[in-house]
Structures are given as C-alpha cells and as structure tokens.
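Worksheet for the structure shown next.
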Amino acid sequence: MIYTVTFNPSLDYIVTVENFAPGKTNRTDSELMLPGGKGINVSIVLSNLGVQNTAIYFAAGFVGEEITRRVEESGIRAERIPVEEGCSRINLKMRSYETGGNSAGAQTDRRLCETEINGRGPVITPANVEELYRKLDQLQAGDTLVLAGSIPGSMPQTIYSDILERLSGRGIRFVVDATGELLLRVLQYHPFLVKPNHHELGELFGVTITTRDEAIPYAKKLQEMGAQNVIVSMAGEGAVLVTEDRAALQSAAPQGTLVNAVGAGDSMVS
C-alpha cells in the first residue's frame, strides 16, 4: 500500500478573472474547488492512475470536513487526524487574463497572470503528532510512504527526519518531496526517491541550475549524501532522473499550451 502524509492540507479555490482590477469589485469567469496539499495531490493522481492508496492528513473545522468529503469522493482511503484548534486552509489561486496595449492604443496579445494567496492552517498539537505516529506505526514491510510539502509552524521542524528514524529498518520505502533542511535531514535514512525542483536543488548547493545537464552532477551529490533515486523537475526544461545505479536519464517537457501548473510536481512524484 502507498501512504501519503499531508501536514497542512487545503481546499484550493481556483478562479479565473478577466482583466483583474486591484481595489475594485471583480467577478469570476470560472471557479473550481479541489482538495489540495502535496500529499493529497499525490494521492489523487495515484487514484486517477488506478493505484490504491491511503491519504493521512490533519483536518480542522468545516474546511477539514469538506477536504475529507472530497478526498473520499476521489476513491482514496482517508485517514483524517482531527485538529481541535483553528481551521484547515483555503488557498486562493487566481488566474487573470490581461490584455495589454501599445502606445497607439491598440490591444496586444492576452497575457496569463497567476496569483496565489495561501492560508496558514491550524495549530498542530503534540497530541496530534502522536496520533500521526500511531497511524504510521501500522505500516508494514513493502509499503511506500510519501512525505511531501511544507509543515505548519506549530510542528517540529525535524518531523520528516523523526518519522524516517522511527520507521527506518522496517522495509518501508520512503519518498520525500521537500526543500532545504527538511530534505537534507532525511538523506541519512536513504529514502527511495527524493524530488527537488531545479531551483531547490540549486539552493542546496549555492548554484544556479538552468539546464538538464547542469542538474545531473548535483542530483548525484544528493545520492552521495544518501538518496537512492533523485528526480529533478525543471518546469519547461523537462526533468532529470538519476537512478540508484547512477544512470542519468533526462527528458524534455512535452510540447503544448500550459493550462494549469498547480500540482505538476506532485504528479511527477506519483
């Protein structure tokens, strides 16, 4: 069984506004509401691919109840950890098509502008964390655990490495999609797969990475630090995969028109 953990899930409220005007009343042209958070996104894509999985997540208030309803509607087994204080996030993702003009007043091509406003999320208590541990203790050899995304400020910043330390040696495969210290701390437990994007990979080593060839040596450095497989997402540049036998594979991005980039990295993890 594949298990995903989402520490700060959300309802993603995705709206389209034509020529958004700050400080004025704007009306949406389209609206969409989806359960979100990296782990839940991974679970949804896996379910769409016909892969059974379990989503473990913290949920608070009426938003948490709606997240659970929508996760279960997606055919995913939901393991909700109730949180008493606060409310789960609603993240606003606004897409505005703006039409520019030149000096003569003629209209130019429409330009897509995307803006996100993400909520903070509820307060996760030590008792909530202990409930998470109890659920994770049920995992067995051969299971896969996906840890993805940021964590609320109320949780210990070592939570990723704490979980891997607790479950290490039990034959569980770990997949980690995280940044900075969250990622570096788990490498000693030899995760099966890590997925930084090229900006995050560059920040780890103090370099700027713009091409797939430039990403390969730094992906291999993560292997030297403990990761088994490293996949680097690079937006329009495609992706690089360095496998545990040190093979470096790369692919350009598919040709087409970008419609919505939300959850692209999570889809790659799936």
Side-chain angles (χ1 to χ4, degrees), residues 6-8 10 12 36-39 41-42 45 91-96 98 100 109 111-118 146-153 157-161 164 174-270:
T6 308
F7 298 93
N8 207 3
S10 65
D12 288 344
K38 283 185 172 295
N41 289 342
V42 171
V45 176
N91 290 344
L92 173 64
K93 303 179 185 297
M94 187 182 71
R95 309 172 73 241
S96 176
E98 302 175 352
D109 292 339
R111 180 174 64 90
L112 174 61
C113 179
E114 295 186 326
T115 303
E116 296 190 19
I117 303 176
N118 291 344
V146 180
L147 301 177
S150 61
I151 59 177
Q157 296 301 301
T158 58
I159 186 66
Y160 275 39
S161 55
L164 266 65
F174 302 112
V175 176
V176 178
D177 181 3
T179 63
E181 287 297 320
L182 280 177
L183 176 58
L184 292 177
R185 289 191 183 108
V186 304
L187 296 178
Q188 62 181 307
Y189 301 104
H190 306 293
F192 172 75
L193 174 68
V194 298
K195 191 216 73 67
N197 64 38
H198 61 298
H199 297 300
E200 295 161 349
L201 182 63
E203 289 171 0
L204 290 176
F205 297 103
V207 298
T208 299
I209 296 172
T210 58
T211 68
R212 297 190 296 273
D213 286 337
E214 290 174 348
I216 292 172
Y218 294 101
K220 289 184 175 181
K221 284 181 180 293
L222 288 184
Q223 282 187 314
E224 293 167 4
M225 298 167 69
Q228 295 181 47
N229 300 277
V230 180
I231 190 164
V232 184
S233 57
M234 301 188 65
E237 284 297 309
V240 167
L241 169 66
V242 177
T243 65
E244 56 189 326
D245 60 2
R246 302 286 284 180
L249 312 174
Q250 50 178 293
S251 174
Q255 295 298 309
T257 301
L258 175 64
V259 176
N260 188 348
V262 175
D266 307 324
S267 300
M268 179 170 286
V269 171
S270 300

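The figures that follow rest on heavy atoms only: side chains count, while hydrogens, waters and symmetry mates do not.
- The closest donor-acceptor contact from the side chain of N229 to the backbone of F192 lies under 3.5 Å.
- Minimum interatomic distance between A239 and M268 (heavy atoms only, all atoms of both residues): CB-CE, 3.6 Å.
- When all heavy atoms of F205 and K221 are compared, the closest pair comes out as CZ-CB, 3.7 Å.
- Nearest heavy-atom pair across Q223 and T243 is NE2-O, 2.7 Å.
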Determine all donor-acceptor pairs shorter than 3.5 Å in which one atom belongs to a side chain in residues 178-187; sequence neighbours excluded.
{"residue": "R185", "atom": "NH1", "partner": "Q157", "partner atom": "O", "Å": "3.1"}

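- With rounding to the nearest 0.5 angstrom, the CD1 atom of I231 is 8.0 Å from the NZ atom of K195.
- I209 CD1 to H199 NE2: the interatomic distance, rounded to the nearest 0.5 Å, is 10.0 Å.
- In this structure, the separation between CD on E237 and CD on Q250 is 10.0 Å, given to the nearest 0.5 Å.
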(request) Take N41 and V269 through the test side-chain contact (heavy atoms from CB on, under 4.5 Å) and record every step on the way to the result. (result) CA-CA 10 Å; N41 289 342; V269 171; over 6 Å; no
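- Here the shortest heavy-atom pairing between E214 and P217 reads O-CD, 3.4 Å.
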(request) List the steps, then state whether side-chain contact (heavy atoms from CB on, under 4.5 Å) holds for L112 with R95. (result) CA-CA 7 Å; L112 174 61; R95 309 172 73 241; 3.6 Å; yes
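- Summarising the geometry of V232 relative to A219, their closest heavy-atom pair is CG2-CB, 4.1 Å, with the distance given to 0.1 Å.
- Atom CG in L147 sits 9.0 Å away from atom CD1 in I159 (nearest 0.5 Å).
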(message) Between L164 and Q188, is the side-chain contact (heavy atoms from CB on, under 4.5 Å) condition met? List the steps.
(response) CA-CA 9 Å; L164 266 65; Q188 62 181 307; over 6 Å; no
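- In terms of the ring-ring contact (aromatic ring centres under 6.0 Å, His included) criterion, F174 has no residue partners (sequence neighbours excluded).
- Rounding to the nearest 0.5 Å places CG of N118 at 8.5 Å from OG of S150.
- The minimum heavy-atom distance linking M234 with V240 is given by the pair SD-CG2, 4.3 Å.
- Atom CG of L193 is separated from atom CG of L241 by 7.5 Å, given to the nearest 0.5 angstrom.
- In the model, S10 has a side-chain atom that pairs as donor or acceptor with a side-chain atom of D12 under 3.5 Å.
- For residues 226-258, no residue pair satisfies the ring-ring contact (aromatic ring centres under 6.0 Å, His included) rule, not counting sequence neighbours.
- In this structure, V230 and Y218 have side chains that are not in contact, with every pair of non-hydrogen atoms separated by 4.5 Å or more.
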(request) Evaluate the criterion side-chain contact (heavy atoms from CB on, under 4.5 Å) for residue pair L222 and L204; output intermediate values, then yes/no. (result) CA-CA 10 Å; L222 288 184; L204 290 176; 4.1 Å; yes
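- Atom NZ of K220 has more than 12 neighbouring heavy atoms from other residues, nucleotides or ligands inside a 6.0 Å radius.
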